[in-house]
Number of protein chains: 4
Amino acid sequence: MTAEAGTRLRADARRNRDQIMAAAKEVFAELGPDVPMEEIARRAGVGVGTLYRRFPDREALIRAVAQENFGAVLDDARAATAEEPTAWDALVRLMRRSRDLRLSVRLAVLSPSAWAAMRDDPQIRQLRDGIMAALDDLVRAAQAEGVLRDDVGPGDVAALVSLLLRRVPADSDATAELIAERALVVILDGLRADPGSPLPGRPVTIRDLGD
Amino acid sequence: MTAEAGTRLRADARRNRDQIMAAAKEVFAELGPDVPMEEIARRAGVGVGTLYRRFPDREALIRAVAQENFGAVLDDARAATAEEPTAWDALVRLMRRSRDLRLSVRLAVLSPSAWAAMRDDPQIRQLRDGIMAALDDLVRAAQAEGVLRDDVGPGDVAALVSLLLRRVPADSDATAELIAERALVVILDGLRADPGSPLPGRPVTIRDLGD
Amino acid sequence: MTAEAGTRLRADARRNRDQIMAAAKEVFAELGPDVPMEEIARRAGVGVGTLYRRFPDREALIRAVAQENFGAVLDDARAATAEEPTAWDALVRLMRRSRDLRLSVRLAVLSPSAWAAMRDDPQIRQLRDGIMAALDDLVRAAQAEGVLRDDVGPGDVAALVSLLLRRVPADSDATAELIAERALVVILDGLRADPGSPLPGRPVTIRDLGD
Amino acid sequence: MTAEAGTRLRADARRNRDQIMAAAKEVFAELGPDVPMEEIARRAGVGVGTLYRRFPDREALIRAVAQENFGAVLDDARAATAEEPTAWDALVRLMRRSRDLRLSVRLAVLSPSAWAAMRDDPQIRQLRDGIMAALDDLVRAAQAEGVLRDDVGPGDVAALVSLLLRRVPADSDATAELIAERALVVILDGLRADPGSPLPGRPVTIRDLGD
DNA sequence: CATGAATGAGCCTTCATTCAT
DNA sequence: TATGAATGAAGGCTCATTCAT
C-alpha cells in the first residue's frame with residue numbers, strides 16, 4: 001500500500017469516496033478531465049455536494065486519482081523487481097503492466113492545468129521519484145545482464161514507456177490491445193539490438209525528463 | 001499543393017486568415033483545443049468577429065488546421081517516396097519528418113469533439129487515406145528490399161509513427177528533440193530486427209486502425 | 001386545473017419557479033419575447049443560472065408561459081359553458097374573459113420563433129384543440145338559440161376573438177380597456193345582426209385557421 | 001403624392017434606395033423588424049455599406065418604410081373621400097383599403113423600439129394626424145347620413161380599423177384574406193346597428209388614442 | 001460611391017463552487 | 001451529513017455599425 005488518505009472515514013463515507021474515485025477514473029478516461037463535476041457525481045451516485053465535501057475542487061480529485069495510479073505502478077515496479085528472475089524480465093513486466101499509469105498520463109497530456117496539479121503535488125512527486133528510481137535500477141541491472149543495449153539511459157526507457165501509455169488508434173479495444181502489445185515487442189527488440197544503430201547524443205537520464 | 005480554400009480573398013482578408021491559422025496552430029498546441037476563441041483572435045491580432053467571419057465555429061477552425069497539416073504530411077510522403085534512394089530511407093524520412101502532423105494528432109488526442117470534427121471531414125479523410133496509401137506502399141517496398149522485418153504490417157508502422165508524434169516529457173525543447181530522435185532510432189532498430197522476437201497476433205493493416 | 005409541472009419541487013425552488021413565470025409574463029408582455037434572459041431573472045429576483053436550471057432555454061420558458069395561459073382560457077371556456085344560462089352568454093363571457101390568452105397571442109404575433117415553439121408543443125396543441133372544441137360547441141348552440149347569426153362559423157368567431165386580444169392604441173390602460181370593451185360590443189352587435197349584410201364566401205371553420 | 005425624400009438622387013442611387021425599401025418591407029413583414037441588416041441588404045442586392053449610406057441606422061429605415069405606408073394611406077383616404085358617393089362608402093373603402101398600413105402597424109406592434117422610432121418622427125406624426133382628421137370627417141359625415149350608429153366616435157372606428165390590420169391566423173393567404181373580409185363585414189354590421197346594444201362609456205375620440 | 005471586411009458590445013448558455021434545506 | 005438549488009463568472013456566437021479597399 002502506498003498512497004491513501006490517512007484519516008479513517010465512516011463506512012458510508014468511505015464508500016462514497018471510493019465510488020467517486022471510480023466514477024472519476026471512468027469519466028476522465030472517457031470524456032477527458034474537463035467533464036462537468038456533476039457528471040462525475042451522477043455516475044458515482046451521489047450529489048455534487050458530497051463530491052465537494054470529499055474533494056475541495058477538481059484539482060484535488062485529479063490529484064487523488066493520480067496518486068492512486070502512481071502508487072499502483074510503484075507497487076508493481078517493486079513487485080516486479082522482487083519477483084522476476086532477471087532485471088530484463090522485470091523491466092519488460094513493468095513496461096507491460098504500467099497499464100494503470102495510462103490514465104494519469106492521459107490526464108496530464110489532456111490538459112495543462114491537470115498537469116500542473118499533478119506536478120505540484122508532493123505526494124505524487126514522491127511516487128514518481130520512487131518509480132524513476134526503480135526504473136533506474138532496472139536499467140542498470142539489465143545492462144549489466146548484457147541484454148539491454150548499453151547506449152540507452154533510464155530516461156530513454158522512461159520516454160519509451162510514456163509513449164506506450166498513449167492510446168493508439170484502432171477500430172476496437174481488442175485491436176488497440178494487439179497493436180500496443182506488438183509495438184512493445186518491436187521496441188523491446190530495438191532496446192535489445194546489439195549492436196544497434198548509433199544513437200545520437202548521449203544516454204538520457206531521469207533528470208533530463210524535467211519537472 | 002494539397003488543401004486550401006479556393007475562393008480568392010481580398011489581400012487583407014487573406015492576411016488575416018493566415019494570421020488566424022498561424023495563431024490557432026500555436027495556441028492549440030500550447031493550450032489545447034479548448035482555448036477561448038478570444039485568445040486565438042488576440043494572438044492573431046484580430047477581433048473575434050473576424051475570426052468567426054472566417055471560420056463559422058471552433059470546429060471549422062480545427063478542421064482547417066488539420067487539413068493544412070495532413071496536406072503537408074501527404075506532400076512530404078510523396079516527396080520522400082520520389083526523392084529517397086530506397087523505400088526504407090523514405091520510410092525513415094517520413095517518420096522523422098511528420099513533424100507537422102504532430103499538431104493534428106495532438107488535437108485529436110486532446111478532445112473527443114475535435115476528433116469527431118476531423119473524422120467527419122471528407123477532405124481530411126481523403127488526405128488521411130492518401131497518407132495511409134503511401135505508407136502502405138513504402139512498407140511493402142521496404143520489406144521487398146529486405147530491410148524492414150517481414151512480420152510487421154503498415155498498421156504497425158502507422159501506430160508507431162502515431163506514438164512518435166506525441167509530446168515526450170523533457171526539461172526543454174532541445175531535450176525533447178533529442179529524446180524523440182533517440183526513441184525513433186530505437187524503434188527503427190526494432191523494425192529492422194531480423195530475426196526479431198516473434199510478434200503476437202498478425203500484422204496490423206491500415207484497416208485495423210479504424211475510422 | 002389544466003397544465004402544470006408534475007414533479008414536486010422543494011419549497012424554495014417552487015417559489016422561484018413561480019416568480020420566474022410571473023416575471024416572464026410581465027416582461028414578455030412589456031418588452032416582447034426577445035428580452036434578455038437576464039432581465040427576466042432580475043425581475044424574478046434570481047440569478048440567470050436559476051432561470052436556466054428551471055427552463056433549459058428561452059423556448060421552454062415561452063412554452064411554459066403559453067401553457068399556463070391556454071390552460072386558464074380552457075378552464076374558463078368550460079366554466080362559462082357550465083355556468084352561463086345561454087350559449088350566447090357563455091360566448092360573450094368567453095370573448096370578454098380571454099384576457100389571459102392575450103399574452104400568448106402577443107408572444108406568438110411577436111416572433112416567428114416563439115410561434116414555432118408554441119405550435120410544436122403537444123401540450124399546447126391539446127389545449128388549443130380543447131378551446132377550439134368548446135368554441136365550436138358554443139357557436140352551434142348559440143345559433144340554435146337563434147341569437148348568433150347563422151352565416152358565421154366557429155372560425156369566424158375565433159378570428160374575431162383573436163383580433164380582440166390585440167393591444168389597442170390608447171393613451172392609458174383605462175382607455176385601452178374602454179376601447180376594447182366598446183369594440184367587443186360593436187362586434188357582438190355585428191354577430192347578432194339578423195339579417196346582416198351578406199358575408200362573402202362560406203362560414204369559416206376551425207380547420208381553416210390552420211396550424 | 002405625400003411623403004418622399006426631397007433631394008434628387010442619381011438614377012442608380014435612386015434605384016438602390018428603392019430596392020432597399022422594397023426589400024425592407026418584404027423582410028420586415030416576413031421576419032419581423034429585428035432581421036439582420038445584412039439580410040435586407042442581400043435581398044436588395046446591395047452591400048451593407050450601401051444600405052447604411054442610404055439609411056444611417058435601422059431606425060431610419062423603419063421610419064422611411066412607415067412614412068411611405070402612412071403616406072399611401074393618407075392619399076387613399078383623401079381619394080376615397082373625394083371619389084365615393086357617400087361618407088359611409090368612403091369609410092368602408094378606407095377600412096378595406098388600408099392594406100398598406102398593415103405593414104407599419106405590424107412593425108409597431110412587433111417591437112417597442114420600432115414603435116418609439118415611429119412615434120418620434122415628425123413627418124410620421126403629421127401623416128398620422130392627416131389620416132385621423134380624414135377619419136374624423138368621415139365618421140361625422142357618415143353619422144349625419146344616418147348610416148353609422150351615433151354612439152361611436154372616430155376613435156372607436158380607428159381602433160376597429162387597427163384591429164383589422166392585424167394578421168389573422170389562417171392556413172393560407174387566401175383563407176386569411178377571406179377571414180379578414182368576413183370580419184370586416186361583421187364589424188360593419190355592428191357599426192351600422194341601429195339601435196345597437198348600448199356601448200359602455202362615451203364615444204372614443206382621436207385624442208383618446210394617445211401618442 | 002459601392003463593397004464587404006473588421007470590430008466589439010451584448011446576449012445566450014454552461015458549469016464550478018457555495019450554501020440553504 | 002447528503003442533497004441539489006442558486007449563483008455568477010466566463011466563454012461562444014451574432015450582428016449593428018464603421019472603415020479600408
Side-chain angles (χ1 to χ4, degrees), chain A residues 9-10 12-13 16 34-42 44-61, chain B residues 9-17 19-20 34-42 44-61, chain C residues 9-17 19-20 34-42 44-61, chain D residues 9-10 12-13 16 34-42 44-61:
Chain A
L9 293 171
R10 266 175 31 199
D12 56 342
N16 273 345
D34 296 328
V35 274
M37 294 296 262
E38 200 131 3
E39 170 71 16
I40 301 174
R42 181 149 34 72
V46 304
V48 252
T50 305
L51 196 168
Y52 272 91
R53 165 174 298 275
R54 226 44 87 191
F55 305 92
D57 57 19
R58 173 186 297 276
E59 250 193 49
L61 179 55
Chain B
L9 290 172
R10 242 165 56 181
D12 56 341
R14 172 88 237 159
R15 186 157 22 80
N16 274 340
R17 195 198 139 92
Q19 285 169 345
I20 291 170
D34 297 326
V35 274
M37 294 295 262
E38 196 127 11
E39 171 70 15
I40 300 175
R42 180 145 33 72
V46 303
V48 248
T50 303
L51 197 169
Y52 274 95
R53 163 182 285 272
R54 220 48 77 193
F55 303 94
D57 55 20
R58 174 186 299 277
E59 248 195 51
L61 180 54
Chain C
L9 290 172
R10 244 166 54 183
D12 55 342
R14 172 88 237 156
R15 185 156 24 79
N16 275 339
R17 193 196 141 94
Q19 284 168 346
I20 291 170
D34 296 327
V35 273
M37 293 295 260
E38 197 126 10
E39 171 70 15
I40 300 175
R42 181 146 33 72
V46 303
V48 249
T50 303
L51 196 168
Y52 274 94
R53 163 181 286 273
R54 221 48 79 192
F55 304 93
D57 55 20
R58 175 186 299 276
E59 246 194 53
L61 180 54
Chain D
L9 291 171
R10 263 176 32 198
D12 57 340
N16 273 345
D34 296 328
V35 275
M37 295 296 264
E38 200 131 5
E39 171 71 15
I40 301 174
R42 182 147 36 70
V46 304
V48 249
T50 305
L51 196 168
Y52 272 90
R53 164 173 297 276
R54 224 45 85 193
F55 304 92
D57 57 19
R58 173 187 298 278
E59 248 193 51
L61 179 54

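Letters A, B, ... are given to chains in the order of the sequence lines, protein chains preceding strands, and every chain is numbered from 1. All values below were derived from every heavy atom in this structure, side-chain atoms included, with hydrogens, water molecules and symmetry-related copies excluded. Computed from a predicted model, the values in this text were never measured in an experiment.
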Taking the side chain of Asn16(A) as its heavy atoms from C-beta onward, which of dA5(E), dA2(F), dT7(E) lies nearest to it?
-> dA2(F)
Are any side-chain N or O atoms of Arg58(D) and backbone N or O atoms of Val35(D), one a donor and one an acceptor, separated by less than 3.5 Å?
-> yes
Using side-chain hydrogen bond (donor to acceptor under 3.5 Å, both in side chains) as the criterion, list what pairs up with Glu39(C), not counting sequence neighbours.
-> Arg42(C), Arg43(C)
Nucleotide by nucleotide, nucleotides 16-21 of chain E touches protein heavy atoms under 4.0 Å in the pattern (B base, S sugar-phosphate only, - none) SBB---
Show your working on side chain to side chain contact (heavy atoms under 4.5 Å, CB included) between Gln19(B) and Asn16(B) and close with a plain yes or no.
-> CA-CA 5 Å; Gln19(B) 285 169 345; Asn16(B) 274 340; 3.4 Å; yes
Under the side chain to side chain contact (heavy atoms under 4.5 Å, CB included) rule, collect the residues that match up with Ala41(A), sequence neighbours excluded.
-> Val46(A), Val48(A), Leu51(A)
For DNA chain E, the dot-bracket notation using Watson-Crick and G-U wobble pairs below 3.5 Å, [ ] for pseudoknot-type crossings and | for other-strand pairs, is .||||||||||||||||||||
Whole angstrom is fine here: how far is it from CG in Leu51(C) over to C1' in dC11(E)?
-> 13 Å
Atom-to-atom span, CD1 of Ile40(B) to C1' of dG12(F) - whole angstrom | 12 Å
Take the protein atom CG of Leu61(D) and the nucleotide atom P of dA16(F), then report the distance between them rounded to whole Å.
-> 11 Å
Look at the side chain of Arg53(B) and decide which nucleotide, out of dA2(E), dT1(F), dA6(E), has an atom nearest to it.
-> dA6(E)
All side-chain hydrogen bond (donor to acceptor under 3.5 Å, both in side chains) counterparts of Glu59(A), not counting sequence neighbours = Arg63(A)
